[in-house]
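Read the structure below first, then the notes.
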2 protein chains.
Amino acid sequence: MPANRRTTLKDLARELGVSTATISNAFNRPDQLSPALRERILGTAKRLGYGGPDAKARSLRTGRSRIIAVILAESLTYSLNDAVASEFLSGVAEVLDNRGHTLLLLSSRQTQAQIPGSASMADGFIVYGLIPSLALLESLPSQSPLVSVDFDIAGRPTVHVDNEAACHAIAAHALRTPAKRPGIINLRLTATPLNGRISSDHRLLPPERTITRSRLSGFHRALGEAGVDTEQVPMWNIEENTFEVCAPVISEILDLPASERPDLLLCMSDRIALTVVTMAEQRGLRIPEDLRITGFDGIAEGQYRAPRLTTVRQNSVEKGRIAARIILGLAPAEPSLLATELLIADSCP
Amino acid sequence: MPANRRTTLKDLARELGVSTATISNAFNRPDQLSPALRERILGTAKRLGYGGPDAKARSLRTGRSRIIAVILAESLTYSLNDAVASEFLSGVAEVLDNRGHTLLLLSSRQTQAQIPGSASMADGFIVYGLIPSLALLESLPSQSPLVSVDFDIAGRPTVHVDNEAACHAIAAHALRTPAKRPGIINLRLTATPLNGRISSDHRLLPPERTITRSRLSGFHRALGEAGVDTEQVPMWNIEENTFEVCAPVISEILDLPASERPDLLLCMSDRIALTVVTMAEQRGLRIPEDLRITGFDGIAEGQYRAPRLTTVRQNSVEKGRIAARIILGLAPAEPSLLATELLIADSCP
DNA sequence: TCTGCTAACTTAATCGTTCCAGACCCCATC
DNA sequence: GATGGGGTCTGGAACGATTAAGTTAGCAGA
């Protein structure tokens with residue numbers, strides 16, 4: 001026996017003169033053996049440097065790995081820096097942690113149509129956000145539990161919020177004070193990537209390909225009800241919810257001649273809205289007098305400093321918790337619709 | 001054979017009348033069999049819904065799981081929302097991704113002295129930040145590769161920056177303009193948790209228990225060189241690098257009578273420094289005229305809006321990349337010291 | 001004394017691969 | 001025609017556990 005081989009359950013059994021089954025029971029089912037023997041086993045285990053049953057072997061034998069994979073639509077770099085995704089993940093992690101499971105993080109990179117082999121040992125998959133490639137979904141073990149978040153996969157449970165209703169609500173609130181020139185800043189709405197003004201030439205992604213399409217519907221419905229011709233409402237598109245990508249588009253908007261510059265901007269994320277706030281202040285615009293701004297998500301950062309953001313709060317942490325509970329079988333595997341909350345603050349009172 | 005059992009390599013072999021070894025080779029070593037047979041195997045595999053060798057079985061047989069675990073000192077909730085930790089993770093993820101490995105996320109919860117069993121199947125461990133419990137480190141498989149980040153574990157490779165030198169540099173820069181009342185806002189420096197002013201009664205954590213101790217040394221050395229009596233420099237402590245925890249302490253500082261209020265604040269993180277900026281502005285203080293502020297980390301958010309932060313930039317993404325490379329054996333398992341860069345901007349020109 | 005039951009262990013099959021050590025065949029070379 | 005060497009493919013022993021089913025001993029109850 002090679003000296004550097006790690007100690008196994010079998011070594012322990014030989015050393016103690018008991019069967020491997022008993023050792024296994026000592027670690028997994030204390031009621032199956034006498035306390036005295038169990039003590040002896042645990043003691044010898046420590047002495048021999050045996051750290052408990054090998055996780056790889058156990059997972060093969062039992063068929064379960066106690067690992068749950070979260071597949072993020074965006075790159076890890078982006079997702080980890082996005083407040084909403086981070087909150088979601090921490091909700092997932094909280095539940096998993098409490099049940100002795102661990103979190104495997106994957107991002108769906110456009111370039112690859114398969115998850116890495118190692119990920120397929122996960123006991124379940126949480127797919128967060130719309131995955132670029134359907135092939136990737138098909139590469140997942142077909143009988144593993146799977147829950148989608150913020151989009152639908154036929155026949156699978158999903159966790160989401162009513163984006164249309166929430167956006168209708170916030171826009172309706174905003175429009176109680178009439179706006180001369182309302183505008184909308186969208187997130188990933190056009191069929192081809194675009195950062196800037198959306199003209200009538202641009203095709204939009206179909207509703208099943210982007211969550212923001214239903215946000216737009218909500219905005220439009222409220223605008224229509226307020227007697228605004230939605231065709232006349234200017235729209236801009238932003239591809240990635242980061243400061244760097246938002247900033248140039250927002251410059252373009254705020255640097256319009258005053259007669260064309262919107263006095264109300266409905267934004268599809270708090271990140272966008274906050275960037276608008278910052279850049280508007282730099283230009284000496286008064287909020288909300290010169291420009292009213294609404295966001296979406298309800299991230300903490302939006303409430304730190306004045307003007308606090310008027311926005312729709314969605315509970316991303318809870319979303320994560322629910323997704324995790326469904327995957328672990330602690331909650332029924334059925335669609336779950338979370339409530340949203342209108343948060344009315346300084347940026348659009 | 002039960003109908004719902006998942007297809008295995010053996011089933012495929014039987015179906016095709018070849019040995020399991022050949023099937024295995026078809027998936028793992030294409031050069032070991034004729035292209036024609038390989039095609040036939042892959043075709044039948046698809047037809048039978050066989051998605052390739054089972055990851056659990058493979059990991060048992062080969063002894064490697066292609067999973068790397070990252071153990072975070074703080075809770076996942078905190079870490080995922082902290083820009084520095086997020087950047088670090090994205091660096092790790094980038095390298096792992098490219099080499100077909102996946103990322104298992106763990107946080108060292110104070111309450112538990114063991115990692116969850118499932119995590120022990122990881123091929124290597126990256127320990128980020130000072131772990132509260134040593135027992136946890138001991139529970140890791142002793143022969144697995146391990147690299148520590150931002151702190152030392154005897155006999156293990158580590159990735160870090162020279163905190164003392166970096167803090168000396170930024171403080172020395174700041175003090176080229178004399179400060180009447182310099183102050184220091186520390187991060188997790190006291191032996192017992194404290195949010196507020198540090199008095200001479202408080203014991204500090206020993207240097208081996210906190211990275212910020214060496215940051216403080218750097219500050220003190222520069223202050224000494226500038227002829228300041230470091231004993232007289234007021235210090236505050238903050239336990240967690242979040243807005244919520246920082247804010248009350250910073251209020252306390254900024255609301256001091258003008259004659260006692262610092263005119264230079266050396267902060268141990270950008271998060272702290274940015275909160276100071278925000279709260280100082282709210283109080284009508286001019287930056288840098290009334291108050292100069294330095295940070296540490298160089299997070300992107302610090303450069304978004306005026307006044308941009310004077311800080312030490314450390315490349316957290318690169319830290320992650322290097323840690324990952326060491327763990328994967330792509331870089332030698334030796335301590336790695338990353339350079340930092342002084343970023344001089346508006347908050348302390 | 002016999003029966004039956006329980007507590008405490010053991011036996012041995014099994015999980016799905018990987019990979020070493022051959023075996024076989026075909027073809028080129030001497 | 002014998003020899004040797006690739007190129008292909010096979011057999012079967014691990015890998016390190018879990019667990020259903022079986023064994024034994026001890027003891028209570030009739």
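Numbered from 1 within each chain, the chains take letters A, B, ... in sequence-line order.
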Separation of [N] [atom2] from [X] [atom1] (nearest whole Å):
| X | N | atom1 | atom2 | result |
| --- | --- | --- | --- | --- |
| B/L16 | D/dT10 | CG | P | 10 Å |
| A/D11 | D/dC15 | CG | C1' | 13 Å |
| B/L33 | C/dT18 | CG | P | 13 Å |
| B/I23 | C/dC19 | CD1 | C1' | 15 Å |
| A/N25 | C/dA7 | CG | P | 14 Å |
| A/Q32 | D/dA20 | CD | P | 10 Å |
| A/K56 | C/dT18 | NZ | P | 15 Å |
| A/F27 | D/dT18 | CZ | P | 10 Å |

Is the shortest side-chain N to carboxylate O distance from [X] to [Y] below 4.0 Å?
| X | Y | answer |
| --- | --- | --- |
| B/R156 | B/E334 | no |
| A/R47 | A/E15 | yes |
| B/R188 | B/E74 | yes |
| B/D54 | B/R6 | yes |

| Between B/T22 and D/dC9, is there a side-chain N or O to OP1/OP2 distance below 4.0 Å? |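 For B/T22, the contact criterion (side-chain N or O under 4.0 Å from OP1 or OP2 of D/dC9) is not met.
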| field | Any A/R29 side-chain nitrogen or oxygen under 4.0 Å from OP1 or OP2 of D/dT19 | value |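 A/R29 to D/dT19 OP1/OP2: side-chain N or O found under 4.0 Å.
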| Touch class at under 4.0 angstrom, heavy-atom based, for B/G17 against every strand present |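 If one applies the 4.0 Å heavy-atom cut-off, B/G17 turns out to touch the sugar-phosphate alone, with no base involved.
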| message | Regarding B/L37, tell me which of base, sugar-phosphate or nothing describes its non-hydrogen contacts under 4.0 Å with the strands shown. | response |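 Touches sugar-phosphate only.
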| said: As a quick check of understanding, evaluate side chain to side chain donor-acceptor pair (under 3.5 Å) for A/S118 and B/S65, giving each step before the final call. | reply: CA-CA 6 Å; A/S118 49; B/S65 60; over 6 Å; no
| query | With distance as the sole test, does B/S86 use its side chain to make a donor-acceptor pair with the main-chain N or O of A/L80 at under 3.5 Å? | reply |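 Pair found, side chain donor or acceptor close to backbone of A/L80.
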| message | Please check if the number of heavy atoms outside A/R64 that lie under 6.0 Å from its CZ is greater than 12. | response |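 Counting neighbours around CZ of A/R64, 12 or fewer heavy atoms of other residues, nucleotides or ligands fall under 6.0 Å, so no.
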For nucleotides 14-17 of chain C, print each protein N/O atom paired with a nucleotide N/O atom at under 3.5 Å, atom names and distance only.
from, atom 1, to, atom 2, distance (Å)
C/dT14, O2, A/R61, NH1, 2.5
C/dT17, OP1, B/Y50, OH, 2.8
C/dT17, OP1, B/D54, N, 3.1
C/dT17, OP2, B/L9, N, 2.6
C/dT17, O5', B/D54, N, 3.3

